[in-house]
Amino acid sequence: MDKGTEEEKPLMLKIAQILDEARAFQRHPQPKMQGALRPPLQSGDGEVPGLPDISEGTRSLPSVQLQLGLFHVLQVIAENSDIVDLFLEMLPVEQIVEVRKTIVLSLPPSNVTAQAIIDCTLDVSESVRKAAYCVLASKFPLQSLSIKHRTLILQRGLADRSLAVSKECLKLMKDEWLNKCCNRDPLVFLKYLDVETYEMVGESVAGALLKDGEIKVPEGESIRQYILSNSERTEENSERCTPNIQLMEVEVALYWRMMCRHLQMEAQEKGSDAAFTMGTEAAVYAAEATDNNDHLERILPATISDYIDLVKSHIDAGPNYRFACRQLLLLGAMLDFSDTTNRKVGSTFVLELLHKPFDHEVDEYGNMVVIGDGINLGGDRDWADAVYGLASKVHAASGEFEEVVLRVVEELARPCRERTANFMQWLHCLAVFGLCLEKARSYLSIKGRAIEPAELLQSLLLPAAKHSHLDVQRIAVRCLGLFGLLEIKPSEELVKQLKFSFAKGPAPISIVACKALFDLGMWHQPQEVDRAIGQNMSSQLQDYDMTSSPLDVSDTDGNWNPKLLDLLYAGLIKDDWDSSLASEENESVQGALGEGFAKILLLSENYKSIPARSNPLLLSKLITLYFSNESKELQRLKQCLSVFFEHYPSLSANHKESSKCISKAFIPVMHSMWPGINGNAGGSAPVVSNMRKRAVQVSRFMLQMMQAPLYAKETEVERDTRDQPEVIDGIVEAPLESGEEGLAIRIAAEVTAFPTKKTPAERSYVSALCRILVLLQFRLSEQGAIQLMRRLLIRVAESVLTEKDLLKECRQMADRLKALDKHPDVEMSQDQANLIFGRLELEFNLNSNISAEMPHTPAPCSSRPTRTRRRVRHEEGSSDEDSSPTSVVPNSVGPMSARSQRASKTAALTKITTASRAPTIDEDDEEEESSGVTSDEGSDGSD
């Protein structure tokens, strides 16, 4: 067998194994295959998609033959559901790429296999993802898939990082779905995708088809055809819309918006190319830009009045045409309002949009219920953005947009200031003002207008935050947060109201207030926010612990004036937040607090006023929150924290404190999660076992964070390198307190702090810590840490004498450290150790009761007694082995094997000793089993 075939041997063996399992499931003889060995699944050029080319002498390769053989076996036995189930079970766990690809190519079309093939569009291998799209194109017509599957396939394929895969998805979309299933009609294709629900997918599909040239506007078709003459009006249209307007379906509206945007972008791109070139090339680009602009002019409505009539018609048509109306509003950014007449007509229409109140309905009790989110203009953020896009196009001059909107706010705020407005009027006024605050560039841009900002704060926002209606409170708190971001310095009344709403409000209001407080702290710095309420001292957050806080969030009586971070952390550790009122997107107060503190830790270099000593406390709390049972329902928080934990360690090149923070947080996290220690509650045996497994999983998770590679930015400007991590070959060398050495010393100090006589919970805790300790690596450059750890490891080994496997790993670690120690015979003094302990902020007496050498593994002094005990036990169990002395003593004993009399005497003494010690050993073993955490339990927990 040649070298190439030898390298393919694992693939051949794997495919052969699958073939054997397929034959084992086969219940009937395979039919005889006629003709050449050619798979029936063909692509357009006559080749088999995803399979090797066998046309030029490659058929003789054994791996290719096996692959084609597997393909045809699966084609033949496709009707056998047992075999299909077998391969569907093997597909997600299969390691060999070629096997996964071949299975995907061979699966028959069905509802079950469709889901498995769609899952393969996320495969790590490019060839498997490409094969999945090949199978979807050839075996699954567009109508056979659900809307969710159609959009999921296109969303993943068009955004795939591999150009080959995205081209395969584009080929599927064009050749199979658009051309064959939809007869090349893009509007029919968009209907199959439900663009009203999956708008982003519809935009991606339309954009890809337009870029590829698959969509071309037929001659004479444009938006103008929906603006009918009087003779073209139908009786149905005349009842539902303004004169001369034909309503658009959602697919049509999206189609024309994407077409106009494509033409505008093409014109801009060609115009830029013409500006950067010269001569004939520039003339060609300029001509293409002119053609695109002319084409865009022919599609758009002839006048601004026609456009406004078209939009108004869809507004009046009701909520069923709201999506189409929003698409038409977005077209306003492409119109020309430079003419005075057009700008005047457009300004009037913008005022109508701003004055349009929330849609609502009346419930069975006669109460008005807002339709939408009750926060953004029109009840929808997308609608508010569309209105802003048109308004900013009409009022493009600097400060003009703010002037127009605040004039509307002043008018809408009159009944609110007079306290005659109902809650719907409050909501409408605050929604318009919120749009102005969100889009305003600075505080100066809203100052000196129809109504002053300070007056709006005192007469509108603060009273609205105390309104009896919860929806008014929520939108008012949001506006307070936006107002505070525009202020040069946050005002005292604003900060106090936000803190009060956070502490005393129901969950929806507390969530919005929490986000507003974090935004203020991150924009103005927490210390500046505290100064606004007269707090000049820094936060005492570093003095708190993970489970309690001296600040009671719910106690707002008396002189209640907490610092910002103290209040937010007290809310984080509070576990009795009111969740009786459902919030948007299943959010919770703890979830919002966790996201906020994660942002602060991730960007801690930007917040010098926050004491770095508080970072380990915050990280510890986030880790315990991430792994707690209570966070299982908080999917948004878990997703946010998973991204945070992935990026936080790798950013240590920018702020070296993160690795040190992880190291310092390790012991507090384990302290807080391990049952039976530090006052933690236990429970039944299964509950305690699960708690220990989760704690072991957390310890390994933190170890992975510590061992993540730290890369320095290549573009980072050279700066003062004092107290900075050393960079070697582009990889950051962390200092002692940020490296694995610091964590190892912390763990060793924690282990040795326990007394010799430990409770079962303490023994299991120490065992779990030691199993992490032996996994840590020391660098040759940290000689002081190596010498210190060698001495501490002696005490660590004494703590795990009853666990032979762990003691053996400690001895192996000691040997590794001895090999790294440049001066193994020099003993570290207490003063030298204190320097290292000081850097780690630890206190430890190195000279107290530390032996000079590692304890030995508990074992007999020689092999004779052990073997003799085995011989005696065998004698008790079987009399046939009495005459076999050679089976008792191994040959390696040498001369001692000839001393049979001495051996017999030793065997008798050993038997007596073993019988007397047996009960004690059994008791210890039972105690170990009942209290200890074994490595198997830890592995189960981590898996």
Side-chain angles (χ1 to χ4, degrees), residues 38-55 64 67-68 70-71 74-75 87-88 91-92 94 96-110 113-184 186 188-190 192-193 198 200-215:
R38 191 70 175 175
L41 180 61
Q42 304 288 339
S43 60
D45 56 358
E47 296 295 332
V48 182
L51 289 179
D53 182 14
I54 59 172
S55 59
V64 175
Q67 189 178 357
L68 291 176
L70 171 61
F71 186 90
L74 287 175
Q75 289 284 334
F87 285 103
L88 289 178
L91 183 58
E94 177 55 53
I96 300 180
V97 173
E98 291 297 327
V99 175
R100 294 201 306 273
K101 180 178 67 175
T102 306
I103 293 176
V104 169
L105 290 169
S106 307
L107 289 176
S110 69
T113 58
Q115 183 61 54
I117 295 172
I118 292 173
D119 291 341
C120 288
T121 58
L122 293 178
D123 195 278
V124 296
S125 171
E126 174 186 327
S127 61
V128 176
R129 299 198 304 273
K130 185 177 178 182
Y133 287 104
C134 290
V135 174
L136 291 171
S138 60
K139 298 183 180 181
F140 293 89
L142 179 63
Q143 296 83 350
S144 66
L145 298 169
S146 65
I147 296 176
K148 182 178 180 180
H149 282 165
R150 298 168 197 161
T151 54
L152 193 61
I153 291 168
L154 296 175
Q155 181 183 15
R156 292 175 179 176
L158 295 177
D160 196 281
R161 61 183 180 273
S162 170
L163 182 61
V165 177
S166 60
K167 285 184 177 179
E168 196 66 40
C169 178
L170 186 61
K171 182 180 178 182
L172 155 71
M173 183 174 63
K174 293 188 307 181
D175 299 345
E176 299 298 329
W177 290 1
L178 177 63
N179 296 340
K180 293 183 180 180
C181 300
C182 300
N183 199 23
R184 299 186 63 84
V188 175
F189 184 36
L190 291 176
Y192 278 110
L193 301 180
Y198 302 97
M200 296 183 63
V201 177
E203 291 179 356
S204 300
V205 168
L209 293 175
L210 286 167
K211 186 176 181 180
D212 202 62
E214 290 294 321
I215 298 180

> Enter the distance from Ile103:CD1 to Leu88:CG here, rounded to the nearest 0.5 Å.
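So the gap between those two atoms works out to 9.0 Å.
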> About how many Å separate CD1 of Ile153 and CG of Leu145, when rounded to the nearest 0.5 Å?
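Here the interatomic distance stands at 5.0 Å.
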> Using 0.5 Å steps for rounding, measure from the CZ atom of Arg156 to the CG atom of Leu122.
3.5 Å
> Can you list every salt bridge (charged side-chain N to carboxylate O under 4.0 Å, His left out) pair that touches residues 128-138, not counting sequence neighbours?
Arg129-Asp160
> Under the side-chain contact (heavy atoms from CB on, under 4.5 Å) rule, collect the residues that match up with Val97, sequence neighbours excluded.
Arg100, Ser125, Ser127, Val128
> What heavy-atom pair brings Cys169 and Gly157 nearest, and what distance separates the two atoms?
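So the minimum-distance heavy-atom pair works out to SG-CA, 3.5 Å.
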> Is any side-chain heavy atom of Leu107 closer than 4.5 Å to a side-chain heavy atom of Val135?
no
> Should the pair Arg184-Glu214 be classified as a salt bridge under the 4.0 Å nitrogen-to-oxygen rule?
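Yes, charged N to carboxylate O under 4.0 Å.
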> Within the 4.5 Å heavy-atom criterion, are Asn183 and Val188 side-chain neighbours or not?
no
> Given side chains that start at C-beta, do those of Tyr133 and Val165 come closer than 4.5 Å, heavy atoms only?
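Contact flag for Tyr133/Val165 side chains = yes.
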> Can you tell if the side chain of Glu176 reaches within under 4.5 Å of the side chain of Leu142, non-hydrogen atoms only?
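A side-chain contact is absent here, since even the closest heavy-atom pair is not under 4.5 Å.
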> Going from CG on Leu170 to CG on Asp175, what distance comes out if it is rounded to the nearest 0.5 angstrom?
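It is 8.5 Å, given to the nearest 0.5 Å.
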> Taking atom OG1 of Thr121 and atom CD of Gln155, what is their separation to the nearest 0.5 Å?
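Reported to 0.5 Å precision, the distance equals 10.0 Å.
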> Looking at CD of Glu94 and NZ of Lys101, how far apart are the two atoms once the value is rounded to the nearest 0.5 Å?
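That separation rounds to 13.0 Å.
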> May I have the step-by-step check of side chain to side chain contact (heavy atoms under 4.5 Å, CB included) for Phe189 and Met173, ending in yes or no?
CA-CA 9 Å; Phe189 184 36; Met173 183 174 63; 3.5 Å; yes
> Do Thr151 and Val205 have side chains that get closer than 4.5 Å, going by heavy atoms?
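The answer is no, as the side chains (C-beta and beyond) never meet within the 4.5 Å cut-off.
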> Assess the residue pair Phe140 and Thr113 against the criterion (side chain to side chain contact (heavy atoms under 4.5 Å, CB included)); give the C-alpha distance rounded to whole Å, side-chain angles, the decisive distance to 0.1 Å, and a yes or no.
CA-CA 10 Å; Phe140 293 89; Thr113 58; 3.9 Å; yes
